[in-house]
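For reference, the structure is listed below as structure tokens.
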Amino acid sequence: MKTFKLHHHFFTLLFFLLLPFLKSQTERQENNTGYTCNNNNKNQTNIYPCQSYAYYRATPPNYLDLATISDLFSLSRLMISKPSNISSPSSPLVPNQPLLIPLTCSCNFINTTFGSISYSNITYTIKPNDTFFLVSTINFQNLTTYPSVEVVNPNLVATNLSIGDNAVFPIFCKCPDKTKTNSSFMISYVVQPFDNVSSIASMFGTTEKSIIDVNGEILYDYDTIFVPVNKLPVLKQPSTLVPSPPPSGNFDDGDDDDDKSGTVRGLAIGLGILGFLLILVLGIWFYREVLVKKEKKGRDLYFGDKGYNGNNNDNKKKKQMDVNFMANVSDCLDKYRVFGFDELVDATNGFDESYLIQGSVYKGEIDGQVYAIKKMKWNAYEELKILQKVNHGNLVKLEGFCIEQEESNCYLVYEYVENGSLYSWLHEEKNQKLNWITRLRIAIDIANGLLYIHEHTRPKVVHKDIKSSNILLDSNKRAKIANFGLAKSGINAITMHIVGTQGYISPEYLADGIVSTKMDVFSFGVVLLELISGKEVIDDEGNVLWANAIKTFEVKNEQEKARRLKEWLDNAILRETCSMESLMGVLNVAIACLNRDPSKRPSIIDIVYSLSKCEDTGFEVSDDGFSSQNLVAR
Ligand SMILES: *[C@@H]1O[C@H](CO)[C@@H](O)[C@H](O)[C@H]1NC(C)=O
Ligand SMILES: *[C@@H]1O[C@H](CO)[C@@H](O)[C@H](O)[C@H]1NC(C)=O
Ligand SMILES: *[C@@H]1O[C@H](CO)[C@@H](O)[C@H](O)[C@H]1NC(C)=O
Ligand SMILES: *[C@@H]1O[C@H](CO)[C@@H](O)[C@H](O)[C@H]1NC(C)=O
Ligand SMILES: *[C@@H]1O[C@H](CO)[C@@H](O)[C@H](O)[C@H]1NC(C)=O
Ligand SMILES: *[C@@H]1O[C@H](CO)[C@@H](O)[C@H](O)[C@H]1NC(C)=O
Ligand SMILES: *[C@@H]1O[C@H](CO)[C@@H](O)[C@H](O)[C@H]1NC(C)=O
Ligand SMILES: *[C@@H]1O[C@H](CO)[C@@H](O)[C@H](O)[C@H]1NC(C)=O
Ligand SMILES: *[C@@H]1O[C@H](CO)[C@@H](O)[C@H](O)[C@H]1NC(C)=O
Ligand SMILES: *[C@@H]1O[C@H](CO)[C@@H](O)[C@H](O)[C@H]1NC(C)=O
């Protein structure tokens, strides 16, 4: 049963006559207002709505990660990554990477003269310079057309769109008529100039006939066709050149429940990641995954018809090469130990749960030395940008690493930091509370760690996820910054993909994705508030600590401010006799760090200086005024 497009009956006939002489494709049908549907079957269950899919290609510059694409279709990343055969929803995509977008296809009544058309209702908010045409052809890649957008948005004037208008973009789809076909659903596909029926059929694992039955003989370039299939085709994804970045308690993962498995909530040790090391590690990986495979393939081809018993020998040779390569690496990295996978398995009793510290970080003892072992997959693009040698007493130290070949996992082995996270000291039951002078030293330690990555690495490193659970305390309760999994080198970058932890994220990053050292300064300000107040960054009612602090301490009058500070203080501190001046000084630093305008926040150098002055006044009460007031005035 051929279903021809109504508007093109004439042309279709013409084409049949001329078919032998013509290319079987032609220009896009310019005024396609959509695909009619009929959902009024009297004696059978209605076929609409149904589940369908659209084939979408990742395209630069804006649609190269699942976060933006899933936002466009109002889905979670996981809802796209699963049907698309992408193992990690957070990895960046490569141009033209194929995706299957799940849609709910329904039959929508327009009016009695026009009838109904089938589409998936996607709401899009108009941005500057958007037109129905541009959004249909670029953002939605011709999965809809502007005439159809006009039809379904009768109250919007195409020539007079306002920024912020919500328009429905009808993504074309169809549901299979179960009485006529055995296929379980239809995939909306936009015909590309290089396509023909047979290439499309093989791409989706279906027959040419079934495509022609639904769409007719003629495929028009950039027209949407519907490919009936019984099961989802398995998309060929570019090989895992870009494995997932280390997951971390990111709030962008909130919508993807499954995504959280292996998520390092809070703690997540991970520091001292060395660029050099990473490049080498990736080098090994790349070597193994790409070069060796390629070589193997070549050799198989070469020896194939000579009956060469290649596999055994090949593997041996490959192993030999790996060993050599590893030896070379460890030569370069005499500081870093290359651990054997079996050593790590022994140390953690096969990664037993009882050895789990948190997330994917295990505690293990190797040769009498205790380590924190973090299991991760690599995200080459992200991680490569970090680093320079980071090696500082206030950053958790990387001791070594291990590469496990079978599943291409990587293990980073860190110094074990005995006393757990600052978060646990502030917010969990402990039989001992931190006193003020310890808190102040912790603040200075963190500031020194940040000073190092902001000022003494080239390029600068932005941690991006400073929070109390990423601060670890050693046996002397000195602080070390952990988890550089999200860190970015290079500053003033803009990212589309928001990571970080709610309650700590700076407003400019949340709104515009602006990455700079000042976003770490902001998060540090929030940690200072936690140290002062002992309060959680977001309380049970959803109140955000930093917003609350700004409102509370807006007063000019210093006495009133001091009074409010006393109300705010952690009870544990209130019981001590410590100088109000020191407390006030730290509060002023915190408030300055929380300035909405990043350029008005103090630099980490100013902060270290001011906090050190607070430390000087921590014990003795002097009367030379508030040492950190100058920060607020900046
Ligand atoms: C397309 O629309 C134009 C005017 O909008 C009309 O003249 C033309 O006949 C239409 N073509 C088809 C194939 O419907
Ligand atoms: C619908 O009704 C027609 C005629 O009344 C009948 O031939 C057909 O089998 C029915 N279809 C179903 C699915 O019941
Ligand atoms: C599309 O979705 C929006 C929001 O969910 C709803 O208000 C609107 O009625 C829907 N439109 C159609 C045609 O289904
Ligand atoms: C919109 O277009 C104008 C002129 O073409 C251009 O100057 C402006 O940068 C564009 N705005 C955006 C947000 O792309
Ligand atoms: C959509 O179709 C137009 C032609 O109508 C074409 O120029 C454009 O490249 C297509 N967009 C995509 C993303 O293929
Ligand atoms: C029905 O909808 C079409 C497309 O939006 C419009 O052109 C036409 O004027 C409408 N007819 C009535 C009677 O509203
Ligand atoms: C364009 O839209 C704005 C607000 O939606 C309205 O005030 C204005 O009159 C419209 N202009 C035209 C020419 O329709
Ligand atoms: C559906 O499947 C049945 C048996 O599997 C087969 O006989 C029938 O021809 C199929 N129908 C279509 C439209 O492919
Ligand atoms: C269809 O395209 C493929 C390559 O994309 C080509 O190999 C094949 O010959 C084409 N088939 C026809 C019938 O044009
Ligand atoms: C996913 O894609 C990869 C790479 O193309 C392929 O090797 C693998 O078999 C696919 N996985 C599934 C579950 O389809």
Side-chain angles (χ1 to χ4, degrees), residues 5-8 11 15 18-37 54-64 68-69 72-73 93-99 101 107-119 121-122 124 130-159 167-172 188-212 215-225 227 233 236:
K5 281 162 197 136
L6 290 173
H7 308 292
H8 286 265
F11 289 110
F15 261 96
L18 299 174
L19 200 57
F21 309 105
L22 284 175
K23 183 173 168 272
S24 67
Q25 287 177 31
T26 172
E27 287 306 304
R28 173 190 181 80
Q29 310 180 72
E30 285 303 338
N31 35 14
N32 178 1
T33 52
Y35 297 83
T36 55
C37 58
Y55 185 97
Y56 189 86
R57 295 174 172 86
T59 41
N62 293 336
Y63 295 101
L64 270 187
T68 36
I69 296 171
L72 180 67
F73 290 96
L93 308 173
V94 297
N96 278 322
Q97 187 165 344
L99 301 170
I101 314 277
C107 188
N108 304 279
F109 180 73
I110 304 297
N111 62 34
T112 45
T113 47
F114 191 89
S116 302
I117 54 178
S118 59
Y119 61 82
N121 179 0
I122 303 290
Y124 177 91
D130 277 347
T131 64
F132 285 166
F133 177 76
L134 290 175
V135 176
S136 314
T137 58
I138 295 172
N139 305 47
F140 289 107
Q141 300 182 358
N142 295 319
L143 284 164
T144 185
T145 60
Y146 74 92
S148 191
V149 180
E150 288 179 20
V151 168
V152 303
N153 295 283
N155 36 12
L156 290 178
V157 182
T159 50
V168 170
F169 277 75
I171 304 303
F172 296 150
S188 306
Y189 178 80
V190 175
V191 177
Q192 303 296 303
F194 50 79
D195 283 328
N196 58 41
V197 182
S198 57
S199 66
I200 296 173
S202 72
M203 175 156 64
F204 290 100
T206 185
T207 60
E208 296 180 32
K209 181 176 177 302
S210 66
I211 295 177
I212 294 169
N215 303 282
E217 298 270 355
I218 314 296
L219 305 184
Y220 300 88
D221 285 355
Y222 302 120
D223 227 6
T224 303
I225 63 164
V227 182
K236 270 221 201 74

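Counting starts at 1 for both ligands and their atoms, in listed order. Any value given below was found using the heavy atoms of this structure, including those in side chains, with hydrogens, waters and symmetry copies removed.
The distance between the ring centers of Tyr146 and Phe133 falls below 6.0 angstrom.
Among Val197, Asn196, Asp195, the one residue that satisfies the side-chain contact (heavy atoms from CB on, under 4.5 Å) test with Leu219 is Val197.
For ligand 5, the polar-atom distance check against Asn142 finds a nitrogen or oxygen pair separated by under 3.5 Å. At least one N or O atom of Thr137, backbone or side chain, sits closer than 3.5 Å to an N or O atom of ligand 5. At least one N or O atom of Asn196, backbone or side chain, sits closer than 3.5 Å to an N or O atom of ligand 9.
For Ser202, there are no side chain to side chain contact (heavy atoms under 4.5 Å, CB included) partners two or more places apart in sequence or in a different chain. For Asp130, the side-chain hydrogen bond (donor to acceptor under 3.5 Å, both in side chains) partners at least two apart in sequence or on another chain are Tyr124.
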Can you produce the list of protein nitrogen or oxygen atoms under 3.5 Å from a nitrogen or oxygen of ligand 6, alongside each distance?
unit_1: ligand 6; atom_1: 2 (O); unit_2: Asn111; atom_2: ND2; d: 2.4
unit_1: ligand 6; atom_1: 11 (N); unit_2: Asn111; atom_2: ND2; d: 2.8
unit_1: ligand 6; atom_1: 11 (N); unit_2: Thr113; atom_2: OG1; d: 3.2
unit_1: ligand 6; atom_1: 14 (O); unit_2: Asn111; atom_2: ND2; d: 3.1

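Those atoms of ligand 9 that come under 4.0 Å of a heavy atom in Ser198, given as number and element, are 1 (C), 11 (N).
Expressed to the nearest 0.5 Å, how far OH of Tyr189 lies from CE of Met203 amounts to 3.5 Å.
With hydrogens and angles ignored, the 3.5 Å screen pairs no side-chain donor or acceptor of Ser210 with any backbone N or O of Val227.
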Distance-only donor-acceptor pairs under 3.5 Å for side chains of residues 151-159, two or more places apart:
unit_1: Asn153; atom_1: OD1; unit_2: Val168; atom_2: N; d: 2.8
unit_1: Asn153; atom_1: ND2; unit_2: Val149; atom_2: O; d: 2.8
unit_1: Asn153; atom_1: ND2; unit_2: Val168; atom_2: O; d: 2.7

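The shortest non-hydrogen separation linking Tyr35 to Asp223 is OH-OD1, 3.9 Å.
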